[in-house]
Amino acid sequence: MDIMGKWDREIREAAFILSKAAKASAFCGAGVSAESGIATFRDPGGIWDRVSPDEVGTASGLIRTLEQKADILKPVFIDMIDSFEQAELNPGHKALVDLEKMGIMKTIITQNVDDLHSEAGSENVIEVHGSLFRMVCLSCGSRKKFERKPFLMELREKLNFLESFSLENLVSLAPECPECNSMMRPDVVMFGEAVQHLPQAFNASKESDVMLILGTSGVVYPAAYFPVEARKAGAEIILINPTENPFSDITDVYIPMKFGDALPAVVDRIKEMAV
Ligand code: OAD
């Protein structure tokens with residue numbers, strides 16, 4: 001039996017639950033972008049498999065590592081730039097857009113910083129860990145959005161011309177704030193920093209009638225509370241993840257498949273039910 005056949009009952013159950021929903025939400029993690037070519041954080045080959053979060057995941061740790069041993073970060077950064085630049089939407093992103101158009105999906109709460117949900121056409125996306133392609137001014141807090149591919153192409157070109165991969169040289173690449181000319185940094189949330197749009201994400205979770213949990217290990221807080229809040233407020237929970245995660249206990253339907261295979265199959269079933 002192929003993988004779709006194996007989980008057909010779960011796919012049908014998820015389709016049935018979603019077909020009755022009007023305020024569904026999705027809580028997304030890096031697994032959603034895995035089939036787009038971006039490595040997850042904690043699976044083999046992911047960034048936290050290559051360097052420790054203490055060295056790179058906090059602002060102070062990153063600065064210290066760049067001061068002391070910038071060379072170990074160079075291949076990690078270059079691989080990240082390459083994969084984020086080459087990433088393409090996968091069928092799961094498109095299935096989420098379909099669910100929104102069908103009036104089922106209201107909000108996507110994503111931990112991802114890759115912009116792919118918005119690029120796919122999802123309208124209501126809450127990026128709780130920020131975006132790699134938005135810069136924030138360290139002085140006045142102004143934000144400036146960039147387009148993913150041109151932004152990364154330019155960054156790679158600038159990196160190629162750097163004399164050496166050092167903190168000082170990397171800082172020289174930071175864009176200037178158009179408002180106050182101070183330095184800008186990527187508007188991503190590092191460990192120890194405040195999650196973005198927290199009230200909106202909690203409200204969307206509590207208002208959900210169904211929450212899809214998609215491709216996340218569920219180990220980073222406060223984001224990992226959102227499904228718990230949704231559940232407490234009465235939402236049915238559908239989990240799509242190849243491996244079990246801490247949400248298995250609050251899950252009504254678990255589909256142990258890849259996001260890009262499972263969610264389009266669920267959406268196809270909903271469409272079949274409508275005819
Ligand atoms: P993780 O790398 O921790 O977890 C990714 C999850 O996706 C794992 O459970 C995998 O089994 C699953 N997965 C892998 N391939 C998949 C696929 N094709 N389809 C569906 N699921 C798949 O990534 P996150 O949970 O997103 O935070 O990590 C949470 C946070 O930790 C990130 O936002 C980031 C990181 O440190 C910050 O940077 C603040």
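When a ligand or atom number is given, it counts from 1 through the structure's own listing order.
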Visitor: Does any N or O atom in Trp48 lie less than 3.5 angstrom from one in ligand 1, N or O only?
Guide: yes

Visitor: Salt-bridge test for Asp252 and Arg231: reply yes if a basic N is under 4.0 Å from a carboxylate O, no otherwise.
Guide: yes

Visitor: Within the structure, does Glu35 bring an N/O atom to less than 3.5 angstrom of an N/O atom in ligand 1?
Guide: yes

Visitor: Checking a contact table here: which protein heavy atom is nearest atom 29 (C) of ligand 1, and how many Å away?
Guide: Gln111 OE1, 3.4 Å

Visitor: With a 6.0 Å cut-off (strictly less than), is the heavy-atom count around CE of Met153, excluding the residue itself, greater than 12?
Guide: no

Visitor: So which protein heavy atom does atom 16 (C) of ligand 1 come closest to, and at what separation?
Guide: Gly31 O, 3.6 Å

Visitor: Donor-acceptor check, side chain of Ser33 to backbone of Ser36, threshold 3.5 angstrom: yes or no?
Guide: no

Visitor: Verify the distance criterion only: is there a donor paired with an acceptor across the side chains of Ser182 and Glu176 at less than 3.5 Å?
Guide: no

Visitor: Would Phe151 and Ile78 show up in the same hydrophobic cluster when neighbours are defined by side-chain heavy atoms closer than 4.5 Å?
Guide: yes

Visitor: Heavy-atom count around Lys258 NZ within 6.0 Å, excluding the residue itself: above 12?
Guide: no

Visitor: Report the nearest protein non-hydrogen atom to atom 27 (O) of ligand 1: residue, atom name, distance rounded to 0.1 Å.
Guide: His129 ND1, 3.4 Å

Visitor: Hey, is Arg42 touching ligand 1 through its side chain, its backbone, both or neither, going by heavy atoms under 4.0 Å?
Guide: both

Visitor: Tell me which protein heavy atom sits closest to atom 30 (C) of ligand 1, plus the residue, atom name and distance to 0.1 Å.
Guide: Val220 CG2, 3.6 Å

Visitor: Among all protein heavy atoms in this structure, tell me which lies nearest to atom 21 (N) of ligand 1, with the distance rounded to 0.1 Å.
Guide: Pro242 CD, 3.1 Å

Visitor: Quick one: does Asp2's side chain have a donor or acceptor within less than 3.5 Å of a partner on Gly5's backbone?
Guide: yes

Visitor: If you have a sec, work out which protein heavy atom is nearest atom 26 (O) of ligand 1 and how many Å separate them, to one decimal?
Guide: Ala30 N, 2.7 Å

Visitor: Any carboxylate oxygen within less than 4.0 angstrom of a Lys/Arg side-chain nitrogen, looking at Asp82 and Arg156?
Guide: yes

Visitor: Within the structure, is a non-hydrogen atom of Gly46 found at a distance of less than 4.0 Å from ligand 1?
Guide: no

Visitor: By the definition side-chain contact (heavy atoms from CB on, under 4.5 Å), identify the one residue from Lys144, Glu127, Arg143, Lys145 that meets it with Asp187.
Guide: Arg143

Visitor: Which residue and atom name correspond to the protein heavy atom nearest atom 11 (O) of ligand 1, and how close is it?
Guide: Thr243 OG1, 2.9 Å

Visitor: Just which atoms of ligand 1 are under 4.0 Å from any heavy atom in Thr216?
Guide: 6 (C), 7 (O), 9 (O), 24 (P), 25 (O)

Visitor: Do we see a donor-acceptor contact under 3.5 Å between the side chains of Asn245 and Ser217?
Guide: no

Visitor: Would you mind listing which atoms of ligand 1 come within a distance below 4.0 Å of any non-hydrogen atom of Phe191?
Guide: 36 (O)

Visitor: Return the option from Val195, Ile255, Asp261, Asn241 holding the heavy atom at the smallest distance from atom 9 (O) of ligand 1.
Guide: Asn241

Visitor: Counting from 1, what ligand 1 atoms have a heavy atom of Ala34 closer than 4.0 Å?
Guide: 15 (N), 18 (N)

Visitor: Identify, by atom number and element, the atoms of ligand 1 in contact range of Gly215, meaning under 4.0 Å from any of its heavy atoms.
Guide: 5 (C), 6 (C), 7 (O), 20 (C), 21 (N)

Visitor: Give a yes or no on whether the backbone of Phe84 and the side-chain of Arg148 come within a donor-acceptor separation of less than 3.5 Å.
Guide: yes

Visitor: More than 12 heavy atoms of other residues, nucleotides or ligands under 6.0 Å from CZ of Arg185: is that the case?
Guide: yes

Visitor: Do any heavy atoms of Val189 fall under 4.0 Å from ligand 1?
Guide: yes

Visitor: Could you say whether the N/O atoms of Met190 and ligand 1 ever approach to under 3.5 Å?
Guide: no

Visitor: Checking the N or O distance criterion of under 3.5 Å, is ligand 1 in contact with Gly29?
Guide: no

Visitor: Starting from atom 4 (O) of ligand 1, locate the nearest protein heavy atom and write down its residue, its atom name and how far away it is, to 0.1 Å.
Guide: Ser217 N, 3.3 Å

